[in-house]
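Have a look at the structure below before the remarks.
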Amino acid sequence: MTMQRDCVPDDITTTADGVDTYHLVKGAGRYKEVQRTAGVSTTDVVGRMLLMTRQHFRRGAQEYEVGREPSSALGLDATARSPWTKCSQFLPTTQKIIQFSEGKEPKPGDKIVYVAGAFDLFHVGHLDFLQQAAAQGDFLIVGLHTDPVVNRYKGSNYPIMNLHERVLSVLACKYVSEVVIGAPYTVTEELMKHFHVDLVCHGQTPIMADEDGSDPYSVPKKLEAFLSLDSHNPMTTEKIVDRIIRHKLEFEERNRKKEAKELKVLEALSKVKIIGNS
């Protein structure tokens, strides 16, 4: 029997007493480290849910600009010294999109399927829906709404993840062929013609009318090119946020311990480096 390697991201992983979580796997020679997606921090995203702010949104011409933001720009603890805890950093957009995108175009005769939404906090509910949508054709295009549009129909501080982060999350899904960044809320005839869309799908979540009160899926419905899909998965972004908020105190304590452990490891690495250079 052949044992596969454990592939883990390149951030620090230690137990409460400072022991390397993967020391047994490393000892067995079955450990491989892969580079994590820069700029997407779980700790940062969870912090946005707890703080319920909108400061992570990008507006107007700056909506998809990518720069480096200090954690304080998101209303987080600017005194955090760990490079992994409460940290928000973004790399150039094109570099990451090229990394995740297949870069393939549909072949002649392919049935093209289009879906649109926020796809915020990409979760198993999204995954099951996209799997079913992809099964309806040969090439799946996902339209991602801008932050202000998502906030209009979801309210509160949604989306939790901004447009840049949501693009990377969706592109990483194996069922997705292409992403339309900042897709219009209403699926127009022009959009369907431009992308040669044969079928438009939507899940079981309620469909909110556009700003003028119209049905955003009226065009594909009129063309008999609309399909409502049931993924049979009840998971939603709202359920995840509710779960995090209910466990706020536990999260804060976990985050405090996590930062303390990371700082100890950084100090140990710094000492080793100093000794090695002396």
Side-chain angles (χ1 to χ4, degrees), residues 54 56-61 63-64 106 110-167 169-171 173 175-242:
R54 300 183 186 182
H56 54 284
F57 287 3
R58 298 173 183 276
R59 304 280 182 171
E63 187 167 7
Y64 207 72
D110 277 356
K111 182 178 181 180
I112 299 176
V113 180
Y114 178 81
V115 302
F119 293 93
D120 195 15
L121 299 181
F122 195 85
H123 52 71
V124 67
H126 293 138
L127 183 65
D128 287 346
F129 168 69
L130 290 175
Q131 181 180 22
Q132 287 201 23
Q136 307 304 314
D138 307 294
F139 194 89
L140 177 61
I141 300 176
V142 177
L144 285 171
H145 300 144
T146 63
D147 296 346
V149 168
V150 175
N151 187 249
R152 181 182 68 81
Y153 65 78
K154 292 184 76 72
S156 188
N157 69 326
Y158 292 103
I160 302 300
M161 299 180 74
N162 60 45
L163 181 59
H164 173 73
E165 295 163 331
R166 291 185 284 119
V167 168
S169 296
V170 173
L171 277 175
C173 177
Y175 304 114
V176 177
S177 304
E178 191 57 83
V179 164
V180 177
I181 302 173
Y185 184 64
T186 291
V187 180
T188 64
E189 187 171 356
E190 289 75 18
L191 182 147
M192 293 184 67
K193 286 182 178 179
H194 181 79
F195 293 106
H196 307 289
V197 175
D198 297 295
L199 181 67
V200 176
C201 296
H202 188 274
Q204 297 300 298
T205 55
I207 299 175
M208 181 178 177
D210 207 339
E211 291 182 293
D212 60 359
S214 63
D215 179 357
Y217 292 96
S218 60
V219 170
K221 288 178 180 177
K222 182 180 179 180
L223 297 173
E224 297 184 349
F226 178 82
L227 179 64
S228 179
L229 291 176
D230 188 353
S231 67
H232 301 288
N233 190 317
M235 180 57 68
T236 64
T237 300
E238 289 76 13
K239 287 183 179 180
I240 294 176
V241 172
D242 179 65

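These numbers come from a predicted model, not from an experiment.
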_Before you tell me yes or no, could you show the steps for Met192 and Val200 under side-chain contact (heavy atoms from CB on, under 4.5 Å), namely the whole-Å CA-CA distance, both residues' side-chain angles and the distance that decides it to 0.1 Å?_
CA-CA 9 Å; Met192 293 184 67; Val200 176; 4.0 Å; yes
*Between Leu140 and Val113, does a side-chain contact (heavy atoms from CB on, under 4.5 Å) hold up when you go through it step by step?*
CA-CA 5 Å; Leu140 177 61; Val113 180; 3.9 Å; yes
*After noting the C-alpha distance and the side-chain angles of Leu191 and His194, does the key distance pass the side-chain contact (heavy atoms from CB on, under 4.5 Å) rule?*
CA-CA 5 Å; Leu191 182 147; His194 181 79; 5.7 Å; no
*Verdict with supporting geometry, Val150 and Asp120, side-chain contact (heavy atoms from CB on, under 4.5 Å)*: CA-CA 9 Å; Val150 175; Asp120 195 15; 5.7 Å; no
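Nearest heavy-atom pair across Val241 and Ile160 is CG2-CG1, 4.2 Å. The shortest heavy-atom contact between Gly143 and Ala183 is CA-CB, 3.6 Å. The minimum heavy-atom distance linking Asp198 with Asp110 is given by the pair OD2-O, 3.6 Å. Contact record, Gln132 with Ser231: NE2-CA, 3.3 Å, taken as the closest heavy-atom pair. In plain terms, the two heavy atoms of Val179 and Leu144 that are nearest each other are CG1-CD1, 3.8 Å. In this structure, Arg166 and Asp147 approach most closely via the heavy-atom pair NH2-OD1, 2.8 Å.
Distance OH/Tyr114 to NE2/His196: 15.0 Å, rounded to 0.5 Å. A distance of 10.0 Å separates CG of Leu171 from CZ of Phe122, quoted to the nearest 0.5 Å. With values rounded to the nearest 0.5 angstrom, Glu224 atom CD is found 12.5 Å from Leu227 atom CG. To the nearest 0.5 angstrom, Ile112 atom CD1 is 11.5 Å from Leu199 atom CG. Here NE2 of His145 is found 9.5 Å from CZ of Arg152. Values are rounded to the nearest 0.5 Å. Between the CZ atom of Phe119 and the CZ atom of Phe129 there is a distance of 5.5 Å, given to the nearest 0.5 Å.
Remark: side-chain polar atoms of Gln204 are paired, donor with acceptor, to backbone N or O of Leu229 under 3.5 angstrom. Listed for the Glu165 side chain is a donor-acceptor partner under 3.5 Å among the backbone atoms of Asn162. Tyr185 places no side-chain N or O within donor-acceptor distance of the main-chain N or O of Glu211, the cut-off being under 3.5 Å. Judged by distance alone, with hydrogens and angles left aside, the side-chain atoms of Lys154 form no donor-acceptor pair with the main-chain N or O of Pro159 at under 3.5 Å. Put simply, the side chain of Ser214 never gets that close to the backbone of Asp210: no donor and acceptor are under 3.5 Å apart.
Glu189 has no carboxylate O lying under 4.0 Å from a charged side-chain N of Lys222, or vice versa, which leaves the two without a salt bridge.
Under the rule for a side chain to side chain contact (heavy atoms under 4.5 Å, CB included), the partners of Met235 that lie at least two apart in sequence or sit in another chain are His123, Val124, Asn233, Lys239, Ile240, Arg243.
In this structure, Ile207 and Pro216 have side chains that are in contact, with non-hydrogen atoms separated by less than 4.5 Å.
Ring-plane geometry between Tyr217 and His202 is classed as perpendicular, the angle between the planes exceeding 60 degrees on a 0 to 90 degree scale with a lower cut at 30.
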